[in-house]
**Q** 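I'd like to ask some things about the structure below.
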Amino acid sequence: QVQVVESGGGSVQAGGSLRLSCVVSGVAYANKCMAWFRQTPGKEREGVAAVYTLGFTSHYADSVKGRFTISQDNAKNTVYLQMNSLKPEDSAMYYCAARIGGTDGHCATLFQRADFAWWGQGTQVTVSS
C-alpha cells in the first residue's frame, strides 16, 4: 500500500521560511515524479513545484520561482520543499503527490496536468503579515 505523508507545515510571519517534507512508502520504483501542490478554500489547486527523482530538472510555478526549492533524498524516499521569503498569499494547504514517471519531460507534463496517482493528506502553511 502506497502512503504519502507530508509534514513541516506551520505558522510563520511574512519573510520567514519553512521546510516541508514528504515521505513516500510502498513504491518499489526509484523513478518517480514528485510534486507539491497547494490549495486554499474557494480556489483551484495550484501546482507549486515538481521534480523527477532520477533527473536533474525541477519545475516551479512562476509565483514561487526564486523563493521555493524542491529537492529529494532518494535514500529516504523523501522530497522537500524549502520555502523562503514567504508571503501571506503563500498560505494554503500544501499537498504532496507522486507517481511513477519515465523521464524529466514526462514529469513536467504530469505536473502541468496534476496527473498523479498518489496524494497525501496535506499540511497547512499559514503566513501572517
Side-chain angles (χ1 to χ4, degrees):
Q1 182 179 356
V2 178
Q3 285 190 315
V4 178
V5 180
E6 308 97 332
S7 62
S11 297
V12 65
Q13 288 191 328
S17 299
L18 283 173
R19 189 177 81 155
L20 306 183
S21 298
C22 171
V23 179
V24 180
S25 60
V27 180
Y29 295 93
N31 59 323
K32 296 185 288 292
C33 181
M34 301 288 298
W36 289 94
F37 292 82
R38 64 187 181 186
Q39 190 170 22
T40 55
K43 291 188 177 182
E44 289 189 1
R45 182 176 55 198
E46 176 189 19
V48 177
V51 66
Y52 175 56
T53 56
L54 296 184
F56 304 95
T57 304
S58 303
H59 312 281
Y60 295 95
D62 288 341
S63 58
V64 305
K65 281 181 181 177
R67 299 188 298 122
F68 291 12
T69 303
I70 189 170
S71 61
Q72 74 261 31
D73 184 335
N74 291 338
K76 296 181 179 179
N77 291 324
T78 302
V79 170
Y80 304 97
L81 185 67
Q82 179 66 44
M83 305 185 295
N84 299 328
S85 301
L86 282 162
K87 305 175 182 179
E89 51 264 43
D90 294 317
S91 297
M93 184 71 78
Y94 282 71
Y95 297 92
C96 181
R99 70 171 291 162
I100 298 172
T103 63
D104 263 328
H106 187 218
C107 187
T109 300
L110 295 173
F111 179 52
Q112 290 175 354
R113 297 175 180 175
D115 185 4
F116 288 82
W118 305 294
W119 294 80
Q121 294 298 309
T123 185
Q124 179 68 39
V125 172
T126 303
V127 184
S128 58
S129 57

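Predicted model, so just to flag it, every value in this text is computed and none were measured.
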**Q** side-chain contact (heavy atoms from CB on, under 4.5 Å) for Leu54 and Thr103? Distances and angles first, verdict last.
**A** CA-CA 8 Å; Leu54 296 184; Thr103 63; over 6 Å; no

**Q** Applying the side chain to side chain contact (heavy atoms under 4.5 Å, CB included) test to Gln13, which of Ser129, Ser128, Pro88 qualifies?
**A** Ser128

**Q** Membership question, hydrophobic clusters at under 4.5 Å side-chain separation (ILVMFWY): are Tyr95 and Ile70 in the same one?
**A**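 Unlinked, Ile70 and Tyr95 end up in two clusters.
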
**Q** Step by step, would you call Thr40 with Met93 a side-chain contact (heavy atoms from CB on, under 4.5 Å)?
**A** CA-CA 6 Å; Thr40 55; Met93 184 71 78; over 6 Å; no

**Q** Is there a chain of hydrophobic side chains (I, L, V, M, F, W, Y, each step under 4.5 Å between heavy atoms) that links Val27 to Met34?
**A** yes

**Q** Which distance, rounded to the nearest 0.5 Å, do you find between the CG of Leu110 and the CD1 of Ile100?
**A** 11.5 Å

**Q** List the atom of Lys43, the atom of Gln39, and the distance in Å for their closest heavy-atom pair.
**A** O-NE2, 3.1 Å

**Q** Are Phe111 and Tyr80 linked, directly or through intermediate hydrophobic residues, by side-chain heavy-atom contacts shorter than 4.5 Å (ILVMFWY only)?
**A** no

**Q** Applying side chain to side chain contact (heavy atoms under 4.5 Å, CB included), name anything that partners Thr57, two or more places apart in sequence or on another chain.
**A**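 Thr57: side chain to side chain contact (heavy atoms under 4.5 Å, CB included) contacts with His59, Asp104.
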
**Q** Nearest heavy-atom pair of Val125 and Gly9: which atoms, and what distance?
**A**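 Smallest interatomic distance, heavy atoms only, reads CG2-CA, 4.2 Å.
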
**Q** Measure the spacing between CD of Glu6 and SG of Cys96 and express it to the nearest 0.5 Å.
**A**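 Reported value, rounded in 0.5 Å steps: 5.5 Å.
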
**Q** Let me check something: do Tyr60 and Val127 share a hydrophobic cluster, defined by ILVMFWY side-chain heavy atoms less than 4.5 Å apart, either directly or through other members?
**A**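 Yes: a chain of side-chain contacts under 4.5 Å links Tyr60 to Val127.
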
**Q** Applying salt bridge (Lys or Arg N to Asp or Glu O under 4.0 Å), which residue pairs with at least one partner in residues 69-93 are found, sequence neighbours left out?
**A** Arg38-Asp90, Arg67-Asp90

**Q** To the nearest 0.5 Å, how far apart are CE in Met83 and CH2 in Trp36?
**A** 8.0 Å

**Q** Is it true that Val4 and Tyr52 fall in one hydrophobic cluster, defined by side-chain heavy atoms closer than 4.5 Å?
**A** no

**Q** Among residues two or more places apart or on two chains, list those pairs meeting side chain to side chain donor-acceptor pair (under 3.5 Å) that have a residue in residues 107-126.
**A**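 Listed once each, the pairs are Arg99-Asp115.
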
**Q** Please find the pair of heavy atoms, one from Leu18 and one from Val12, that lie closest to each other, and give the distance.
**A**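 So the minimum-distance heavy-atom pair works out to CD1-CG1, 4.1 Å.
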
**Q** Determine whether Ser17 and Gln82 satisfy the following criterion, side-chain contact (heavy atoms from CB on, under 4.5 Å), listing intermediate values before the conclusion.
**A** CA-CA 7 Å; Ser17 299; Gln82 179 66 44; 3.9 Å; yes

**Q** Between Asn74 and Thr53, do the side chains contain a donor N or O and an acceptor N or O under 3.5 Å apart?
**A**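 Side chains of Thr53 and Asn74: no pair found under 3.5 Å.
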
**Q** Between Phe37 and Gly47, what is the shortest heavy-atom contact and its length?
**A** CD2-CA, 3.3 Å

